[in-house]
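These notes are about the structure you will find just below.
Computed from a predicted model, the values in this text were never measured in an experiment. Computation of the quantities below employed the complete heavy-atom set of this structure, encompassing side-chain atoms and omitting hydrogens, waters and symmetry-equivalent molecules.
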Amino acid sequence: MKKVFCIFAFAFSLSAFPVFSYEYASDAFVISGSSVRSLIDENCASVSGGVLKTVYDGREYTRNVKKCSQVHTGDELVDYFTEMALEETELNINKNGVFAAGANWPTAWTRDMSYAVSLSLSFLFPETVEKSLESRVENGFILQDTGSGGSYPVSTDRIVWGSAAYEYALVKQDDAYFQKVYNVITNTINYDYNVNYDSRFQLFRGETSFLDWREQTYPRWMDSIYIAESCALGTNVLYYSAMKNAASIAERFNRDEEALLWNSRAESLRNAIISHFWISEKKYFGAYLISNIDTVLYQGYETLGESLAVLYDVADNCDFLSIINAVKPGKLGMSVVAPQLSAVPSYHNDAVWPFVQGFRGLAAKKAGDAAVCENEFAAMLYCAAMFRSFKENYVASKCTEDTQTNSDRQLWSDAAFLAYIYRILCGIEPRSDGIAVSPLVFDSFTDGITAKGVSIGNTVLNLHISGNGGTVVSFMVNGKTVPNDYVIPYNSGTVSVEICVEKSQLYKNSYAAAKEKTFAFNADDVQPAVPLASVSMEKNKAFISWKQKNADGFTVMKDGAVFAKTTDRSITVRGGKNAAVYSVTAVSSDSVPVLPGTFVRVESAANTVLLEAENADVSGGFIAQEDSLDPVKAAVSYDLEKVVSNYGKYVKEWGAEEGDFITFTFNAKKDGLYAIDFRFKNGHGPVNTGEKCAVRAVLADGELVRRIAFPQQGGWASWAFSAPVTVRLSKGTHAITLASDSFCYTQHHKLNDIYVDLVRVSRIEPIESR
């Protein structure tokens, strides 16, 4: 056991405060005694006269803070950083009067602003919150930030606005505003039901919220096409929260049928989240589903999604503690994803983000784990002291700020620290029935905590808290004793609140148990390299091979089930009457979750047909001729060249008008379940910018199957296949149509055109087998 973190605080009179310390074993925080300060080596920080002094890497740095906080904890250092967080938040209000994401990000982003509002800003900066929320709505719909593959619907976490706006509506307490929020939430979700809802799983598709740097959290082979097909834990929890908020607003207005509808939808989604993400033997949720005809759950730990599942009651309350303690944190607290990916630089991989720590702290408080809650607070405090700002993120393994990109005064990082002050220490919580106050006061705060002038819902709180712990033993309002679980009504005017707390057995147990915990794995574990398989065909044999090495060998999956285990880096399989999907996964002897390798489809002329777009019934675009002198004439996709269209022709600039269509005629030789995907190009700009993703409707014999995304690929050089759609077809002739309809527009009402080369139709199973 080694003491490694040290921060010293001095009062304005320079009389020394007690020195609190963290100890840790095996590079993971373990609470030892009373502590709220992280301390490292010779580094120290002090506050005197409103000036912070820190020593870092042998150099001394200073920073002044001018704003005067109305919260006093009896700890000069904590009070200083409360003031700094408030000051930085004000500095993040841009010239348009809305929140910028941070020093390096001058515009308002839906997810950053919304998470910050949900953490603490809803009642601390109400006027700016309202303007910021309004700036991210257009024509009654929430705007999605830029993201993978050309934004929506590859990225769909815009729905986080629904949680933030509802929480601000509680603060504002205005019926007209509640109605506006209700309209925006319900408009957006109803639209999403038509575009990115997967009826097979009863989940919403789209990438993991905020983790939108693909190679940082997804396997290398998984491009925007398959990210658009995936279903993420955190994003679906956000949809659940928005639905519950819609139901709550309907109940406010006594609209019983609407409340019943949204509660029913929310419950269906919650059941689907538990059914598809919950890992019963590990007692936490998997991070995301990867879908390619069959589906794989990646069992990695995604900290924000896990925390939201606790906070929004998606998880059962008996599982709260197991979720919070499933993975062993690192030196700076819990990284945003675990385990880490090999050979990937730090940003989301190998990184701690303070805003995620804020949600994790709130979830730990709700779960009753004060030790975890305090650990994350101490780590956040340490990093703020060392770098003199609430940074965007930190390298988890090195305790540095040198990630791939970073920013000072990141809005949601400031909001996370303020959440610790106002919502955890002070325990202030706006609810539908009023303002709850349930403090959690760590042992190192010995002089009581006061908060003055906190305005919520036409109520102004002047709060004083005494004692340590999280169990309220006395509660007084304006000098009168009230029940310990009293909820202060909105519109109460100025209210004086006196609360005394003590340490429950659960509180004591959380510290005592800290050294005895067992974990599924460590956050800093690194999983083996992801196998990148390729396939070649010779007659009726397929050769699947990969270059990556792994001492523990590989598991080969076929159609979602274990097919073989091998220590080689290749396997031979036979073709068949049905096309089959294989993936190769590296084995981990340490029970660390691993990402699956590339999904490859083994097909043949016996089960797969390629139908040319130029020979179909086409409305919109025009037939283009490839410049190649010797065009490829492939019968199956193995023979296709990535940069050349099949037979030298394709449909160019297609789908830019509503009503455009391409109808292929397909003759099914047998009844069965068929996979349908389209060879396309979308080169409208870099893969991670703009609003250039195309959406198209797929119809079979005139009936809508579903809508799919055609994400931008970064250039026009290469062809790609869309994600497969499965449909049951009987023996005989069928019409397969790709079309632009009213749900294919971008957020700003544009239809992005694409190039279409062909459709691939593969029989994957007879009808009676499913």
Minimum heavy-atom distance Ala108-Val98, with the two atoms named: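 Closest approach of Ala108 to Val98: CB-CG2, 4.0 Å.
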Are side-chain N/O atoms of [X] and [Y] paired as donor and acceptor at under 3.5 Å?
X	Y	result
Ser570	Ser545	no
Ser637	Glu603	yes
Thr217	Tyr288	no
Asp192	Tyr239	yes
Arg200	Ser291	yes
Tyr115	Asp157	no

Ion pair check, Arg696 and Asp660, cut-off under 4.0 Å: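 Answer for the salt bridge query: no.
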NZ/NE/NH1/NH2 to OD/OE distance under 4.0 Å, Glu138 and Arg158: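 Between Arg158 and Glu138 there is no salt bridge, as every charged N stays at least 4.0 Å from the carboxylate O atoms.
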So, taking the atom named [atom1] in [X] and the one named [atom2] in [Y], what distance separates them when rounded to the nearest 0.5 Å?
X	Y	atom1	atom2	value
Arg569	Ile544	CZ	CD1	16.0 Å
Thr566	Phe554	OG1	CZ	8.5 Å
Ser114	Leu133	OG	CG	6.0 Å
Trp221	Ile290	CH2	CD1	5.0 Å
Asn578	Asn607	CG	CG	6.5 Å
Met243	Ile189	CE	CD1	5.0 Å

Arg111 to Trp109, cation-pi by 6.0 Å centre distance and 45° axis angle: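 The answer is no, since Arg111 fails at least one limit relative to Trp109.
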With no hydrogens and no angle check, is any side-chain donor or acceptor of [X] less than 3.5 Å from a backbone partner on [Y]?
X	Y	value
Gln625	Gly648	yes
Asn187	Phe141	no
Lys681	Trp716	yes
Gln216	Tyr347	yes
Thr156	Arg205	yes
Asn752	Cys693	yes
Ser155	Ser151	no
Asp753	Lys652	no
Asp757	Asn646	yes
Glu302	Gly305	yes

Is there a side-chain contact between [X] and [Y] (heavy atoms, below 4.5 Å)?
X	Y	value
Thr295	Phe201	yes
Asp212	His348	yes
Trp105	Thr405	yes
Val695	Phe743	no
Phe285	Ile273	yes
Asp223	Arg214	no
Phe678	Ile754	no
Leu238	Trp161	no

Heavy atoms from other residues, nucleotides or ligands near CG of Asn139 exceed 12 (cutoff 6.0 Å):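 12 or below, so no.
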Whether over 12 other heavy atoms sit under 6.0 Å from Glu658 CD: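 Yes - once you tally the heavy atoms of other residues, nucleotides and ligands closer than 6.0 Å, there are more than 12.
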Listed partners of Arg220 passing salt bridge (Lys or Arg N to Asp or Glu O under 4.0 Å), at least two apart: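 With neighbours one apart ignored, the set is empty.
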Stepwise salt bridge (charged side-chain N to carboxylate O under 4.0 Å, His left out) test for Lys558 and Asp294: CA-CA 9 Å; Lys558 177 185 177 183; Asp294 280 288; over 6 Å; no
Working for side chain to side chain donor-acceptor pair (under 3.5 Å), residues Thr737 and Thr663: CA-CA 4 Å; Thr737 301; Thr663 297; 2.9 Å; yes
Mutual orientation of the aromatic rings belonging to Tyr191 and Tyr152 [parallel < 30°, tilted 30-60°, perpendicular > 60°]: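 Ring orientation of Tyr191 relative to Tyr152: tilted.
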Aromatic plane relationship, Tyr197 with Tyr193 - under 30° parallel, 30 to 60° tilted, over 60° perpendicular: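 Correct class here is perpendicular.
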Steps toward salt bridge (charged side-chain N to carboxylate O under 4.0 Å, His left out) verdict (Glu229, Arg706): CA-CA 12 Å; Glu229 282 296 291; Arg706 51 163 283 208; 2.6 Å; yes
Between Tyr218 and Tyr298, ring centroids under 6.0 Å: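 For Tyr218 and Tyr298, the ring centres are not under 6.0 Å apart.
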Stepwise side chain to side chain contact (heavy atoms under 4.5 Å, CB included) check, Val602 with Arg574: CA-CA 9 Å; Val602 174; Arg574 295 187 64 82; over 6 Å; no
Verdict with supporting geometry, Val137 and Lys180, side chain to side chain contact (heavy atoms under 4.5 Å, CB included): CA-CA 11 Å; Val137 175; Lys180 181 186 292 187; over 6 Å; no
Chi angles and distances behind the side chain to side chain contact (heavy atoms under 4.5 Å, CB included) call for Ile676, Val759: CA-CA 7 Å; Ile676 301 170; Val759 65; 3.6 Å; yes
Worked verdict on Ile142 versus Ile159 for side chain to side chain contact (heavy atoms under 4.5 Å, CB included): CA-CA 7 Å; Ile142 307 166; Ile159 200 62; 4.1 Å; yes
